[in-house]
Amino acid sequence: MPLLRDYIAEHERAINFGGEAVRAIDRGDLARAGHLLAEMATELAAHWLGEETGLFRVMAREEMYAEHITPLVREHRELAELLATVDISSTDGQQAIREAVSDLYEHISKEEDGLFPASLTALDGDEWDASIDAWHAAHPGRRMIAR
């Protein structure tokens, strides 16, 4: 499914930005870390908008899925807030980024190993169309990955 493929690619880019930011913090290169965290935040903002207004919205119509989606959205908000406010010059801020990047792996696993596979059997054609339209709306000027 092209939509899921693109979401997984976005996950990989976000994790790569986060991992590189942690390594930059460890080297003491806080300017580089800040740049990478800004890139991560930008990547995730479009990603989350697409997920939440598309795939999550159509899946959340079913209570069983809504129970799993609600905490994922909360985790999106928490990470967005951290990325917007963290002071990476402080030891606490640096530790918060390390923990957030680690937690992001678990978050992504919930989506890629749970929600995404469930969507393959749960959604019909109109729901996929709505989910894909939401991706496009969240990523103006971008195209989905070509085969």
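What you are looking at is a predicted structure, and each value in this text was computed from that prediction instead of being measured.
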* **Trp48 versus Glu75, side-chain donor and acceptor atoms under 3.5 Å** =>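 Per modelled atom types, Glu75 and Trp48 side chains form no pair under 3.5 Å.
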* Asked: Between Asp92 and Ser90, do the side chains contain an N or O donor and an N or O acceptor separated by less than 3.5 Å?
  ->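 Not at all, the side chains of Asp92 and Ser90 share no donor-acceptor pair under 3.5 Å.
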Does any N or O in the side chain of [X] come within less than 3.5 Å of the main-chain N or O of [Y], such that one atom is a donor and the other an acceptor?
X      : Y      : answer
Ser109 : Tyr105 : no
Arg5   : Ile145 : yes
Gln94  : Ile88  : yes

* Asked: Charged N to carboxylate O under 4.0 angstrom, Arg98 versus Asp26?
  ->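 Looking at Asp26 together with Arg98, the answer is yes, because their closest N to O distance falls below 4.0 Å.
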* **Aromatic ring proximity Phe116/His11, centre distance under 6.0 Å** =>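 Centroid distance Phe116-His11: below 6.0 Å, so yes.
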* Asked: When rounded to the nearest 0.5 angstrom, what distance separates CD1 in Ile108 from CD in Glu106?
  ->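 Result: 11.0 Å between the selected atoms.
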Decide yes or no for [X] and [Y]: does some side-chain heavy atom of the first lie under 4.5 Å from some side-chain heavy atom of the second?
X      : Y      : result
Leu72  : Lys110 : yes
Leu4   : Leu55  : yes
Arg142 : Trp135 : yes
Glu52  : Arg57  : no

* To do: Would you check, one step at a time, whether the test salt bridge (Lys or Arg N to Asp or Glu O under 4.0 Å) holds for Arg13 with Glu39?
  => CA-CA 9 Å; Arg13 286 191 296 272; Glu39 291 288 329; over 6 Å; no
* To do: Assess whether atom CZ of Arg27 is packed by more than 12 heavy atoms of other residues, nucleotides or ligands within 6.0 Å.
  =>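 Correct, the count exceeds 12.
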* Would you indicate whether Glu62, at its atom CD, is surrounded by more than 12 heavy atoms from other residues, nucleotides or ligands within a distance under 6.0 Å? =>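 Result for CD/Glu62: open.
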* Using the ring of each side chain (for Trp, its six-membered ring), is Tyr7 parallel, tilted or perpendicular to His47, with breaks at 30° and 60°? ->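 Plane angle over 60°, so perpendicular.
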* Derivation of the side-chain contact (heavy atoms from CB on, under 4.5 Å) call for His139 and Met144 -> CA-CA 9 Å; His139 299 81; Met144 295 185 106; over 6 Å; no
